[in-house]
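Dumping the structure here so I can ask a few things about it.
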Amino acid sequence: RFAPEQVQSHDEPRPLTARAKELQELRQFDQDWRYGPCTGISRLQQWERAAQHGLNPPQEIRYMLFSADTDYTHCLSSDYPL
């Protein structure tokens, strides 16, 4: 038998991994219209365009884009063909 505190409820969400948190932040960046649409360009191109226009995109996003994870480079819309 398990003590009640040992049984994980199915209603409790599991904590996100560091990678999952970063991907979530990148998806939020993709959907933030302050930085313009990302259709047809990479996330880095979107970030650079926003910076060029003085929109102050988050520096943390840029750091993530230079990580080794290639999933980070493609914006959310790249999952949906035009």
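By convention here, the first residue in the shown sequence is residue 1. All values below were derived from every heavy atom in this structure, side-chain atoms included, with hydrogens, water molecules and symmetry-related copies excluded. Everything numeric here is computed off the predicted structure, so don't read it as measured data.
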Exercise: identify the closest heavy-atom pair between P57 and Y35: CA-CE2, 3.5 Å
In Å and rounded to the nearest 0.5 Å, what is the CE to CZ distance from M64 to R43? 9.5 Å
For residues F29 and F66: do they belong to one hydrophobic cluster (side chain heavy atoms under 4.5 Å, members Ile, Leu, Val, Met, Phe, Trp, Tyr)? yes
Between C38 and Q46, which heavy-atom pair has the shortest distance, and what is it? CB-OE1, 3.3 Å
Taken to the nearest 0.5 Å, the spacing of L26 CG from E60 CD works out to 11.0 Å
Hydrophobic cluster membership, with links at side-chain heavy-atom distances under 4.5 Å among I/L/V/M/F/W/Y: are L65 and L55 in one? yes
Under the side chain to side chain donor-acceptor pair (under 3.5 Å) definition, can you give me all pairs with a residue in residues 17-26, not counting sequence neighbours? R19-D69, R19-D71, E22-Y72
State which residues pass side chain to side chain contact (heavy atoms under 4.5 Å, CB included) with P37; sequence neighbours excluded, sorted by chain then number. W33, R49
Look only at the side chain of Q45 and the backbone of S42, and say whether a donor-acceptor pair between them is shorter than 3.5 Å. yes
Check side chain to side chain contact (heavy atoms under 4.5 Å, CB included) between Q52 and all other residues, then give those that pass, not counting sequence neighbours. none
